[in-house]
Protein chains: 2
Amino acid sequence: MITIGELAKRANCTVPTIRYYESMGLMPEPQRRESGHRAYDRGDLSRLILIRRCRDFDMPLEKIKDLLEMEGNGKPCQETVAFFETQRSAIKARITALNELDFTLSLYVNRCQSSCMQTDNGCDIYEQMATDISHADKAVASAL
Amino acid sequence: MITIGELAKRANCTVPTIRYYESMGLMPEPQRRESGHRAYDRGDLSRLILIRRCRDFDMPLEKIKDLLEMEGNGKPCQETVAFFETQRSAIKARITALNELDFTLSLYVNRCQSSCMQTDNGCDIYEQMATDISHADKAVASAL
DNA sequence: TGTGCATCCTAAAGTAACTTTAGGTGCAAG
DNA sequence: CTTGCACCTAAAGTTACTTTAGGATGCACA
């Protein structure tokens, strides 16, 4: 049996986060020591790691709850796989959008470095940003 | 002069978002018609688009506010460029993390599709997720 | 045995960036 | 003239946490 602090360390999250998951019904109410301190076992750790992993995929807590409740009942695969495929699409779209943003940022930075930061002319980065509604925006808008 | 609905459409955001920005001091209090309806001009549109663009870069509203306040005072470049460089690093890290997540998801999906979804054996996706603490996790943990 | 100091407890409030709701006004078209 | 859409304000709700307040516990060290 391990403490909540240990559990947090091993699952790479904070102590209040674990208590929060408990209050939301994602983590079970654990056993307690005489002192009242929570005592967790290996199963709790697995469950918490699973939750964190799903959160890495931006799965909302409600969905994770559903998934965890499905866990016992035979064939969660169809639904889980479908959800994961959806997540993969979202991830790809997000990557595309981020690449576009990175490109746009590089333009701004380069322009500043080669122009206004050298010459003491005024900087027009704000005008650029406000007017530069490129194809990137549509990608971003639809992906996020 | 355009309505708030028009402005929202052109800046690709919602009407309440604009009112929210106003309440946060990012958008100025606009002129009003006799009816009390807000009336915006071209400058307001530029400003809003600039704000949205910064939000695309995940710049927090407070930072955007600072930037907008710097706008008049000569040389915002140094600070802005530094911020953008930081954002670019964050974006790159995020892309790396997302690629790892996508890869991990593809493993799960492939495994289900070639195994339990074919054979009616039980699905071990949850066990996989709970135990598979690969190198990806560290990347994710540090990038987000 | 005391005495710090980290860790634990609960309950409640705060955070970011919006969205949603409730209850009402203005305006153009049929 | 009434139907329906866009607008108004103020307040509460959302998600996934984090932070704070005010105590209790556990453990190493003198």
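In what follows, chains are A, B, ... by sequence order, proteins preceding strands, each numbered from 1.
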How many whole angstroms separate atom [atom1] of [X] from atom [atom2] of [N]?
X        : N       : atom1 : atom2 : result
Ile2(B)  : dC7(D)  : CD1   : P     : 10 Å
Ile51(A) : dC17(D) : CD1   : P     : 10 Å
Leu7(B)  : dA6(D)  : CG    : C1'   : 14 Å

Counterpart residues, salt bridge (Lys or Arg N to Asp or Glu O under 4.0 Å), relative to [X] (two or more places apart):
X         : answer
Arg19(A)  : none
Glu85(B)  : none
Asp102(A) : Arg88(B), Lys92(B)
Glu6(B)   : Arg10(B)

(message) So if I define the base as every atom that isn't primed, P, OP1 or OP2, how would nucleotides 8-22 of chain C read as a B/S/- string at a heavy-atom cutoff under 4.0 Å?
(response) SSB------BBSB--
(request) Provide the full list of salt bridge (charged side-chain N to carboxylate O under 4.0 Å, His left out) pairs with a residue in residues 25-38 of chain A, sequence neighbours left out, each pair given once. (result)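 Found Glu22(A)-Arg38(A).
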